[in-house]
Number of protein chains: 2
Amino acid sequence: MTEKTIPYKIYLEEEEMPKAWYNLRSDMKNKPAPLLNPGTGQPLTAEELSPIFCEELVAQELDETTPFIEIPEDIRNFYKMYRPSPLVRAYCLEQKLQTPAKIYYKFEGNNTSGSHKLNSAIAQAYYAKKQGLKGVTTETGAGQWGTALSMACSYFDLDCKVFMVKVSYEQKPFRREVMRTYGASVVPSPSETTEVGKKILAEHPGTTGSLGCAISEAVEVATKNPGYRYVLGSVLNQVLLHQSVIGLETHAALKKYDIHPDIIIGCAGGGSNLGGLIAPFMGEKLRGEADYRIVAVEPASCPSFTRGTYAYDFCDTGMICPLAKMYTLGSSFIPSANHAGGLRFHGMSSTLSQLYHDGYMEAVSVEQTSVFEAAEQFARVEGILPAPESSHAIRVAIDEALKCKETGEEKTIVFGLTGTGYFDLVAYQKYNDGEMDDVIPTDEDIAASIARLPRVE
Amino acid sequence: MTEKTIPYKIYLEEEEMPKAWYNLRSDMKNKPAPLLNPGTGQPLTAEELSPIFCEELVAQELDETTPFIEIPEDIRNFYKMYRPSPLVRAYCLEQKLQTPAKIYYKFEGNNTSGSHKLNSAIAQAYYAKKQGLKGVTTETGAGQWGTALSMACSYFDLDCKVFMVKVSYEQKPFRREVMRTYGASVVPSPSETTEVGKKILAEHPGTTGSLGCAISEAVEVATKNPGYRYVLGSVLNQVLLHQSVIGLETHAALKKYDIHPDIIIGCAGGGSNLGGLIAPFMGEKLRGEADYRIVAVEPASCPSFTRGTYAYDFCDTGMICPLAKMYTLGSSFIPSANHAGGLRFHGMSSTLSQLYHDGYMEAVSVEQTSVFEAAEQFARVEGILPAPESSHAIRVAIDEALKCKETGEEKTIVFGLTGTGYFDLVAYQKYNDGEMDDVIPTDEDIAASIARLPRVE
């Protein structure tokens with residue numbers, strides 16, 4: 001097939017959309033290490049997880065062997081409202097860069113949640129509804145996950161309680177209003193509505209909250225109220241499973257036009273987007289059927305892959321969650337201000353951590369100002385205002401394309417464009433005003449928080 | 001073809017996208033009345049229009065006979081970045097309403113300008129570039145048109161000066177930042193950068209500006225600076241011509257699946273979206289080839305079709321623009337606060353006004369709170385947060401579908417969903433907080449501004 005016949009946007013037909021999620025763990029020889037009970041140090045069982053998470057989601061969390069898990073029809077119908085997402089050929093960016101590289105991006109931002117988060121939110125809401133629950137609870141920082149979950153709960157007529165980090169609740173009122181429009185109750189955290197919230201407020205009056213605290217409140221409400229469970233938007237195996245729909249569509253779209261990618265690039269916070277995008281490609285790599293360079297991009301301000309350590313750690317700063325083995329900067333690590341809220345996580349998905357540890361993927365960290373430079377360059381030629389998180393992948397895609405310009409190589413680059421930046425314009429304003437800077441943690445900062453890791457094994 | 005085979009989203013293939021715009025005026029027996037020179041009362045000539053508008057756009061403005069005008073390849077390539085837009089079957093909304101009606105909407109919001117405005121912005125920027133101009137000037141209120149134009153100018157490397165009504169500049173900083181990210185210079189109007197701005201500031205110190213004033217400043221800068229022209233996002237014939245791409249795609253998508261719409265609904269401010277959406281359908285109606293109910297929806301706070309008069313009037317409140325014959329509330333009419341900024345215009349496209357006058361279309365006005373009710377209902381089941389403007393059409397589409405529920409009729413309803421509401425969350429917040437109200441002009445208000453119409457003929 002000649003290049004000319006490749007359209008600007010490749011859309012799959014409805015009947016070509018994935019009917020099952022792909023469980024990457026099934027193809028891994030070295031399985032990701034299990035979640036541990038922080039009290040006993042033993043792997044968590046389904047029984048221990050069930051009071052917190054929905055039953056079928058617990059089963060998916062623990063399932064390391066089933067390669068494909070059917071996507072229920074109700075979820076597939078919901079997916080049809082905003083999926084398939086387009087795989088876009090970045091003709092205009094290529095021309096602007098004058099590169100022989102061919103650049104494609106999978107764009108997940110064309111839905112009101114503004115990101116890929118909806119792919120897992122609708123699945124988690126479905127299983128909660130199927131179990132006959134009244135509702136779910138969660139936390140949100142920047143608000144993308146909370147927005148996605150409130151949309152999903154509204155669709156299945158489930159109650160949705162979102163604990164939103166107080167500083168975001170106040171500084172991002174628009175995200176809050178989207179959630180309210182979808183019928184969610186949004187509570188600034190810490191709040192007086194939970195025991196843990198009251199305790200924190202008593203100890204730290206005037207605190208603007210943290211993700212760790214919001215998680216604690218959400219888990220408390222889920223476990224104390226009959227008919228409620230807690231849901232989470234990243235890091236977990238179940239989330240990567242649901243997000244495999246991104247990679248499966250990408251894989252099918254490329255195959256349809258006989259395109260073989262050389263490099264696959266995704267931004268990485270907790271790993272939900274990257275794990276989903278690369279899943280089928282990594283599967284081929286693990287099975288020895290194909291080879292790809294797979295690159296995780298993280299912010300220099302929160303570099304868990306590139307400067308963290310591979311160890312058991314808490315997933316939350318409040319240290320109430322299970323222990324996961326992962327690349328981590330330590331759960332007490334406080335990332336410096338970086339506008340990509342979705343990448344400000346001290347750890348990384350266990351599955352991706354194992355793959356990185358085993359040498360199946362690379363990681364690179366990039367600085368904020370260079371990320372916004374790439375975002376602006378991309379926006380001006382491709383017409384999409386990208387989210388700061390997504391722009392980390394744009395930065396590295398552009399860098400790789402510029403390398404091709406030097407060497408003359410016609411490499412095919414695929415990257416994940418996870419979302420839009422409509423709610424991130426305070427950051428864009430800072431960049432436009434020349435007031436953005438890069439704060440990178442010192443070796444001492446990282447060493448100090450890693451020294452506080454829990455002792456396991 | 002059975003209903004089951006109609007996908008949730010109908011996307012045309014790239015080769016099925018329109019290659020020419022459709023000039024609805026060519027099929028009108030009663031042509032829209034010409035623009036008049038307010039000084040002489042005579043029809044404006046190409047020579048008189050050329051110092052203000054680009055040459056090819058003047059030609060398009062005055063062309064009443066050519067049925068199809070080719071879309072230049074550069075514009076078609078830009079369209080491919082965000083078009084074809086999907087024609088969506090609102091299966092979930094139908095189910096929620098329990099209606100036998102079949103509802104489709106043409107969704108124009110999946111681009112960073114957030115609306116259909118980009119369709120004409122890219123065309124106007126192209127012709128400016130082709131003419132060898134340095135840049136263009138415009139005004140913007142809510143900011144959608146300014147955003148679209150800044151994206152288009154960035155693509156063609158044209159300078160873009162946007163005069164933004166001061167109150168919007170201050171209250172909508174995010175729209176402003178999107179424009180700046182695309183390289184536009186955004187000036188709060190009235191400003192000290194123009195003679196007319198200085199004069200207004202001297203006479204009304206502390207004024208927060210108006211669209212009429214911003215137009216005056218933009219026109220002054222365009223006419224005083226060599227290499228600049230003024231561009232406008234609605235009302236004009238040329239804009240309706242470019243926006244016909246919406247209707248042509250809709251027509252082709254429906255035809256592909258053998259669907260005959262009974263009712264076509266669009267919101268109407270200056271008429272750019274409605275005129276574009278209905279163009280090919282109205283053409284068939286004018287030629288006697290098919291019949292459709294065509295419904296314009298306007299806000300009860302600014303009801304030019306339903307309560308205005310058909311007469312020559314200024315297009316701007318500053319009374320410096322040409323006179324157009326249209327349904328108008330009078331250019332001195334100040335619409336009460338309505339969050340659908342894009343519909344707060346005292347007049348209406350001359351082409352649509354003539355068609356309405358000749359009985360080819362209906363008009364209905366709806367109140368703001370009922371519009372937001374419809375917006376919320378739509379968002380919760382269809383997953384898109386609609387712009388307040390677009391939600392006027394949703395309101396009437398839902399009303400028509402509910403009528404079908406009563407009568408049992410299986411009508412096919414098509415409406416235009418012009419954009420997303422991500423920058424309208426202050427309005428959503430008001431609605432969520434129960435603080436939104438409806439202010440409708442009195443008969444006396446309207447009579448007073450109509451009494452001030454210019455005397456022509």
Backbone of [Y] reached by a side-chain donor or acceptor of [X] within 3.5 Å:
{"X": "A:Tyr428", "Y": "B:Val178", "value": "no"}
{"X": "A:Tyr422", "Y": "B:Phe423", "value": "no"}
{"X": "B:Lys80", "Y": "A:Lys9", "value": "no"}
{"X": "A:Thr112", "Y": "B:Gly383", "value": "yes"}

Where on [X] is there a heavy atom nearer than 4.5 Å to chain B: the side chain, the backbone, both, or neither?
{"X": "A:Glu382", "result": "both"}
{"X": "A:Pro84", "result": "both"}
{"X": "A:Val381", "result": "backbone"}
{"X": "A:Thr181", "result": "both"}
{"X": "A:Asp424", "result": "neither"}
{"X": "A:Asn111", "result": "backbone"}

Determine the option with the most heavy-atom pairs under 4.5 angstrom with chain A, choosing from B:Phe372, B:Tyr11, B:Tyr155, B:Phe78.
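The answer is B:Tyr11.
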If you tally heavy-atom pairs under 4.5 Å against chain A, which of B:Arg83, B:Glu13, B:Glu15, B:Lys96 wins?
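Top option by heavy-atom pairs under 4.5 Å: B:Arg83.
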About how many Å separate [atom2] of [Y] and [atom1] of [X], when rounded to the nearest 0.5 Å?
{"X": "B:Tyr8", "Y": "A:Tyr82", "atom1": "OH", "atom2": "OH", "value": "13.0 Å"}
{"X": "B:Leu93", "Y": "A:Met81", "atom1": "CG", "atom2": "CE", "value": "10.5 Å"}
{"X": "A:Arg380", "Y": "B:Asp157", "atom1": "CZ", "atom2": "CG", "value": "9.5 Å"}
{"X": "A:Arg176", "Y": "B:Asn432", "atom1": "CZ", "atom2": "CG", "value": "9.5 Å"}
{"X": "B:Asn110", "Y": "A:Phe107", "atom1": "CG", "atom2": "CZ", "value": "7.5 Å"}
{"X": "B:Tyr431", "Y": "A:Glu177", "atom1": "OH", "atom2": "CD", "value": "12.5 Å"}

If you tally heavy-atom pairs under 4.5 Å between each of A:Leu118, A:Val426, A:Val88, A:Asn77 and chain B, the highest tally belongs to A:Asn77
At their closest point, which heavy atom of B:Tyr182 faces which heavy atom of A:Ala379, and how far apart are they?
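That closest heavy-atom pairing would be CE2-O, 2.9 Å.
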Heavy-atom proximity to chain A below 4.5 Å, by part of B:Gln429
both
